[in-house]
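These notes concern the structure reproduced below.
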Amino acid sequence: MLDRILDPTGLSVRPANVAVPARRLPSLAGARVGLLNNTKRNAAQLLTELGDLLRDRYGAVVTIQRTKPHVAFPVDEPTLKEIAAVSDVVITGVGDCGSCSASAAADGIAFERVGVPAAVIVSDAFEVTARAMAGVHGDENFEILLTPHPVAVLNEEQIAERATQLVADVAGRVCEPAR
Amino acid sequence: MTGGTLDAQVTDPLDGAHRSIEYMYDQGWTDGLPVVPATRELVDTFLATTSRPADEVIGRLDHLKREVSVELAAINAAMAGCRPEYFPVVLAAWDALMAERSTVGGGWQSTSGPAPLIVVNGPVRRRLGFNATGGVFGPGFRANATVARAIGLIVRNGLGVVPHVLEQATQGVPGRWAMCVAENEEESPWEPLSVDGGVAAGVDAVSTTLLRTSEFVDNRHTDDPEALLGDFADTISRTGSWIFRHASAGVVFCPEHAQMLAAAGMSKADVRDWLIERCGRSEADLARAGKNHVHGNVRRQSDDGEPGAFHRYFADGAPKNLPIVVAGARNAGISMVVRVFSNWSGISARVEPPRDGAAPAAP
């Protein structure tokens with residue numbers, strides 16, 4: 001009887017998505033870092049601080065900084081290609097709203113798929129939606145880096161502090177585990 | 001649990017109905033209230049009301065890898081409790097929604113948790129029993145209640161935007177998935193909203209826009225049209241709803257207010273022009289709310305600026321920034337300011353006429 005009830009989701013006919021993680025780097029020394037800012041308040045500052053710390057502490061170099069044209073959507077193909085062409089690793093964020101946290105996870109998976117390891121930074125208030133989106137894009141176990149909510153109201157000093165707290169995790173996310 | 005084993009257990013049809021309802025809860029397909037089981041036979045009666053093919057894609061969110069077909073919309077409309085003949089109205093409401101900038105962006109996932117206001121115009125209101133008068137914001141009327149609910153179920157099930165997961169509303173909006181009003185064209189002194197949306201008067205049409213809330217204006221206190229409009233301007237101009245340089249708001253006028261303004265010689269455009277000029281706040285008022293400076297397009301706090309400067313609420317007097325509808329009973333001067341999420345698309349969608357010329361009677 002119950003098998004006569006139609007499924008209202010359309011999911012039964014959806015093709016499965018498979019995510020392909022990128023190879024991790026042996027080290028960040030000399031590595032080219034791309035920064036993808038999603039336009040949320042303080043995102044650009046946090047990414048810039050992280051870029052500076054990766055340079056100072058790990059010897060990486062920031063080669064490109066781009067801003068997403070639409071905060072709610074995953075990165076567009078031309079921007080993805082432009083960044084991937086000159087980056088060995090990418091940092092993106094900050095997921096700090098309903099749609100942008102989800103799309104940040106999709107961005108990370110998209111960069112991994114083209115061979116660029118990605119560190120995705122999301123406010124911890126949006127962890128569930130970011131993880132759900134990672135599942136939609138084929139990798140429900142995609143590792144997201146969380147920072148405490150809120151981010152938008154922090155001042156310059158507090159943003160720098162957040163970057164300091166995050167930088168080792170960012171490096172760990174894109175590099176091979178130390179032997 | 002398979003259908004076969006259950007069939008063996010179910011001897012009482014009402015027991016079967018209860019089990020169906022629980023099954024659909026278990027699947028995560030409901031908005032919290034019971035839904036109607038959509039069988040092939042039932043859904044086919046919905047599909048028979050439209051000339052559109054079942055597999056036509058009528059909405060998609062590529063970033064969520066989801067799309068909605070006519071068939072999926074019909075399944076959800078059946079689950080929502082719609083009668084089959086409501087389905088062309090559901091499709092028109094959906095078409096109108098897809099013309100909204102926010103619904104094809106990240107609007108459904110937004111922390112602001114917006115909700116569609118659906119406005120029905122034309123003879124379809126009477127043909128299908130849509131309420132246009134007393135208690136127009138509901139509940140109590142099947143057509144109004146189930147069309148609005150169908151849209152919510154399509155977003156939940158078809159687009160996969162489920163609360164606490166991909167839907168991230170901080171609090172949401174009272175009346176979400178429940179706001180479908182028919183315009184009281186019979187007692188309105190003005191052209192229907194659908195005319196502002198590009199559809200001729202007298203043609204069945206649906207308009208939608210996303211709201212963040214609604215707030216009443218109770219004014220049975222004056223016979224001066226400017227004093228009345230001043231009351232609306234005060235409510236519209238609150239700082240809480242004001243995020244960007246400008247904001248939008250609509251008014252659902254009760255017949256009494258609309259008729260009073262029309263008797264003073266005001267058209268809808270005149271009402272809009274009056275409100276556009278006067279809605280807004282002083283720099284000092286906005287500074288007290290931390291919103292006196294515009295950076296990019298977003299309001300922020302600033303110590304600079306002229307305290308006496310006046311900031312206009314609306315960008316301009318286009319109907320898409322200040323949609324006006326007339327609905328409700330003619331029994332009191334009680335109207336509603338509706339807080340528009342971004343702005344109205346300004347596009348109304350036609351409702352497909354009944355097929356074979358047979359108009360079913362209202363229930």
Side-chain angles (χ1 to χ4, degrees), chain A residues 1-17 19 38-41 44 67-77 95-107 109-110 122-123 125-138 140 149-150 152-153, chain B residues 1-4 6-7 9-10 16 19-20 23-24 27-29 35 37-43 61-69 71-76 78-79 102 105-113 153-154 156-162 164-170 296 298 300:
Chain A
M1 180 191 77
L2 297 180
D3 55 5
R4 293 183 53 225
I5 299 177
L6 301 182
D7 180 339
T9 65
L11 284 175
S12 51
V13 294
R14 201 181 75 179
N17 304 293
N38 71 349
T39 76
K40 290 309 285 188
R41 194 164 178 183
T67 301
K68 283 171 74 167
H70 196 306
V71 65
F73 291 142
V75 60
D76 57 302
E77 199 65 20
D96 193 26
C97 71
S99 56
C100 70
S101 303
S103 69
D107 292 342
I109 290 169
V122 171
S123 145
F126 295 99
E127 179 180 357
V128 172
T129 203
R131 291 201 188 288
M133 188 66 157
V136 167
H137 285 257
E140 59 189 6
H149 193 79
V153 298
Chain B
M1 192 183 285
T2 69
L6 255 162
D7 282 340
Q9 295 163 9
V10 175
R19 284 168 186 254
S20 299
Y23 168 78
M24 292 182 287
Q27 300 298 311
W29 293 343
V35 286
T39 57
R40 182 74 265 157
E41 297 76 13
L42 178 62
V43 170
L61 287 182
D62 287 334
H63 66 293
L64 301 184
K65 301 190 183 293
R66 297 292 283 261
E67 59 183 35
V68 175
S69 62
E71 160 112 356
L72 219 50
I75 294 171
N76 283 283
M79 290 170 66
S102 320
W108 300 127
Q109 297 165 262
S110 171
T111 46
S112 49
L153 288 177
I154 296 170
R156 177 191 177 94
N157 293 324
L159 294 179
V161 186
V162 174
H164 288 196
V165 189
L166 289 173
E167 194 263 80
Q168 288 288 304
T170 305
V298 182
R300 287 188 180 182

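The structure presented is a predicted model; accordingly, all values stated were derived computationally and were not measured. In the text below, chain A, chain B and the rest are named by the order of the sequence lines, each starting its count at 1.
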When rounded to the nearest 0.5 angstrom, what is the spacing between CE in B/M79 and CD1 in A/I5?
8.5 Å
Toward chain A, the part of B/V165 with a non-hydrogen atom under 4.5 Å
both
Would you mind telling me which of A/S101, A/S99, A/A125 has the largest number of heavy-atom pairs within less than 4.5 Å of chain B?
A/S99
Would B/S20 and A/M1 satisfy side-chain contact (heavy atoms from CB on, under 4.5 Å), going step by step from the backbone distance to the final call?
CA-CA 8 Å; B/S20 299; A/M1 180 191 77; 3.8 Å; yes
Step by step, would you call B/L64 with A/M133 a side-chain contact (heavy atoms from CB on, under 4.5 Å)?
CA-CA 7 Å; B/L64 301 184; A/M133 188 66 157; 3.5 Å; yes
Does B/R66 use its side chain to pair, donor to acceptor, with the backbone of A/T9 at less than 3.5 Å?
yes
Shortest non-hydrogen pair, B/T111 vs A/G98, comes out as CG2-N, 4.0 Å
Grab the two heavy atoms, one from B/H63 and one from A/A72, that are nearest each other, plus how far apart they are.
CD2-O, 4.0 Å
Closest non-hydrogen contact found for A/L6 with B/W29 is O-CZ3, 3.7 Å
Exam field: side chain B/N76 to backbone A/P8, donor-acceptor pair closer than 3.5 Å:
yes
Give a yes or no answer on whether the side chain of B/H164 reaches the backbone of A/T129 with a donor-acceptor pair at less than 3.5 Å.
no
Which region of B/E41, side chain (C-beta onward) or backbone (N, CA, C, O), has a non-hydrogen atom less than 4.5 Å from a non-hydrogen atom of chain A, or is it both or neither?
side chain
Heavy-atom cut-off 4.5 Å, strictly under: side chain, backbone, both or neither for A/R131 against chain B?
neither
Distance from A/D7 atom CG to B/I75 atom CD1, nearest 0.5 Å?
7.0 Å
Highest number of heavy-atom pairs under 4.5 Å with chain A among B/L72, B/L61, B/V162 belongs to B/L72
Tell me whether B/T39 contacts the main-chain N or O of A/R4 through its side chain, where contact means a donor paired with an acceptor under 3.5 Å.
no
Counting only non-hydrogen atoms closer than 4.5 Å, does A/A106 touch chain B with its backbone (N, CA, C, O), its side chain (CB onward), both, or neither?
neither
